[in-house]
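In what follows, a structure is listed as structure tokens, so that the remarks can point back to it.
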Amino acid sequence: MFADNFKISLRQIRRLLVLDIFGVSSLMLPGIFSAMTGADGVFCLLFGMAGGVLLLWLMGANMKHFEGGYYDYMKDVMGQIIADIFMVFYLLYFVALSGYVLYELTALTLGWLLPEGSFFWISLLLLLLAVYGSIRGIEGRARVYEIIFWFLGIPLLLMLVLAMPMVNTSYWTPIVASDSVQLFKGSVSVLIFLLPLSALLFLKPFCKKAEKLASCGREALFTVTFINIVIYLILLGIFGQNAMGVLKRPVLTLMGMINLPGGFFTRQDVLMTAVWFFALFALLNTGIFQGSLVLKELCHDSKRNYSIYLVAILSFFIGKGLFEHQFLVEIYEIYQSCIALPGMFLVLLVLLLVYQIRMGKKQGKEKVMDVEE
């Protein structure tokens, strides 16, 4: 499954990343920014993007020292035990991410597509599809989502263009009136939604030009940030701060308000919900794929698919728990902000510093030996 010779292009990886990040961030961030004044959410998006650039720089600084995969690099730098601890950290992140996305995806389906449906059967079907996609490997996902990227992107662009005449720019003011705490919390929220970029660390064996993975991530980051800025300003200009805070999914509400020319299609909101449905499903697939990939390396098992099934089962119970108990959603948010976010930076920073220290000592010994000779 993972060990074939298929190599995906940077273009395909970039589109996968855009889908992964766009779906959940565009759904959740407008509600988070609604507590702010005017267009201050734009500054949070830019500050979060700056944090994402820093994360990608740390990733790129480490990736240029990879001789094999990320796990091999961690073992060479930190030793087997610390490397395993770091891998468990990544495993927990991707499994928790899969469970959360399953919860959001099922809630989206129940709220907008199948209001009479059952969480159990919908989430089970979604997981089975995600497992099937993971078993087919990253090459199958790359081919399918490259088509979906344009199939969904063009209608979204059209709907945003049609929404622009409805914007009241006076709702964008006042600017820079939010306090520093709100701006900080909003920026942290943006950065949390950018953490799926860490999947790049494990994609070197699957990429044709692995040395450019970090730059590919930056292009995806800039693209998603630009799209989210446009969506946020349109939503703020149409609904205003107070109404946007009341709406559960303001971007989906907007899709139902836009009238297509000619009035030939009156339920375009259902069609546009598919944009976020497939974007969230792409992230669910990524979480299961990456989690199973990490688990396979930890267990030194590259032939069977047990890790995929285990990650999917854990994701189901996490998603079910989040759906049935709201306090678990709050715990997940605390985990993301207090453990996952700082952990992503800390692991990469420690690896880079230890590598530089060891290389400095090695070069020093070589110089001493040269002098003695």
Side-chain angles (χ1 to χ4, degrees), residues 21-49 100 103-105 107-113 115 156-194 224-260 266-270 272-273 275-277 279-280 322-323 326-327 329-330 332-334 336-337:
I21 301 170
F22 164 75
V24 68
S25 63
S26 59
L27 277 179
M28 305 302 295
L29 287 176
I32 295 173
F33 294 159
S34 63
M36 299 178 187
T37 304
D40 289 351
V42 172
F43 298 106
C44 294
L45 286 166
L46 293 175
F47 293 149
M49 183 188 71
Y100 175 75
Y103 153 69
E104 289 289 348
L105 183 55
L108 175 67
T109 305
L110 290 171
W112 295 86
L113 299 176
L156 175 62
L157 178 62
L158 173 63
M159 299 298 277
L160 292 178
V161 170
L162 292 175
M164 285 182 180
M166 303 165 60
V167 172
N168 182 355
T169 55
S170 64
Y171 288 159
W172 294 353
T173 57
I175 300 177
V176 198
S178 302
D179 59 48
S180 58
V181 174
Q182 289 177 319
L183 290 173
F184 175 77
K185 289 182 177 179
S187 302
V188 168
S189 298
V190 174
L191 191 51
I192 286 173
F193 289 122
L194 298 179
V224 173
T225 302
F226 174 76
I227 296 173
N228 277 331
I229 287 175
V230 171
I231 289 176
Y232 176 68
L233 289 177
I234 290 176
L235 290 174
L236 182 63
I238 293 176
F239 296 118
Q241 176 186 355
N242 295 331
M244 194 168 62
V246 173
L247 297 172
K248 189 174 182 180
R249 298 285 186 268
V251 68
L252 295 182
T253 303
L254 173 65
M255 295 297 107
M257 295 171 53
I258 301 172
N259 294 319
L260 294 176
T266 58
R267 287 307 308 274
Q268 71 273 4
D269 58 320
V270 176
M272 295 310 299
T273 301
V275 173
W276 282 269
F277 178 89
L280 287 175
L322 293 171
F323 185 80
Q326 185 61 34
F327 77 93
V329 178
E330 298 174 1
Y332 175 78
E333 293 172 353
I334 294 172
Q336 285 280 78
S337 59

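Between Phe33 and Leu236, every side-chain heavy-atom pair lies at or beyond the 4.5 Å cut-off.
Residues satisfying the side-chain contact (heavy atoms from CB on, under 4.5 Å) criterion with Asp179, sequence neighbours excluded, are Val181, Gln182. Residues meeting the ring pair (Phe, Tyr, Trp, His ring centres under 6.0 Å) test with Phe193, sequence neighbours left out: none. Take Tyr332 and apply the side chain to side chain donor-acceptor pair (under 3.5 Å) test, not counting sequence neighbours, and it matches Gln336. Residues meeting the side-chain contact (heavy atoms from CB on, under 4.5 Å) test with Thr169, sequence neighbours left out: Val167, Trp172. Every residue was checked against the side chain to side chain donor-acceptor pair (under 3.5 Å) condition with Ser180, not counting sequence neighbours, and none meets it. Residues forming a side-chain contact (heavy atoms from CB on, under 4.5 Å) with Ala163 (at least two apart in sequence, or on another chain): Ile234, Ile238, Leu254, Ile258. Qualifying ring pair (Phe, Tyr, Trp, His ring centres under 6.0 Å) partners for Phe323, counting only residues two or more places apart in sequence or in other chains: Phe119. Residues forming a side-chain contact (heavy atoms from CB on, under 4.5 Å) with Glu104 (at least two apart in sequence, or on another chain): Met28, Tyr100, Arg249.
Across every non-hydrogen atom of Ala279 and Phe22, the tightest pair is CB-CD2, 4.4 Å. When all heavy atoms are compared, the tightest approach of Ser170 to Thr173 is O-OG1, 2.8 Å. Heavy atoms only, all atoms of each residue included: Trp276 and Gly23 are closest at CD1-O, 3.4 Å.
Residue pairs meeting the side chain to side chain donor-acceptor pair (under 3.5 Å) criterion with at least one partner in residues 237-247, sequence neighbours excluded, are absent.
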Hey, can you pull the donor-acceptor pairs under 3.5 Å for the side chains in residues 39-48, sequence neighbours left out?
{"from": "Asp40", "atom 1": "OD1", "to": "Val176", "atom 2": "N", "distance (Å)": "2.6"}
{"from": "Asp40", "atom 1": "OD2", "to": "Ala177", "atom 2": "N", "distance (Å)": "3.1"}
{"from": "Asp40", "atom 1": "OD2", "to": "Ser178", "atom 2": "N", "distance (Å)": "2.9"}
{"from": "Asp40", "atom 1": "OD2", "to": "Ser178", "atom 2": "OG", "distance (Å)": "2.7"}

Do any side-chain atoms of residues 183-191 form donor-acceptor pairs under 3.5 angstrom with protein atoms, and if so which ones, sequence neighbours left out?
{"from": "Ser187", "atom 1": "OG", "to": "Leu183", "atom 2": "O", "distance (Å)": "2.8"}
{"from": "Ser189", "atom 1": "OG", "to": "Lys185", "atom 2": "O", "distance (Å)": "3.0"}

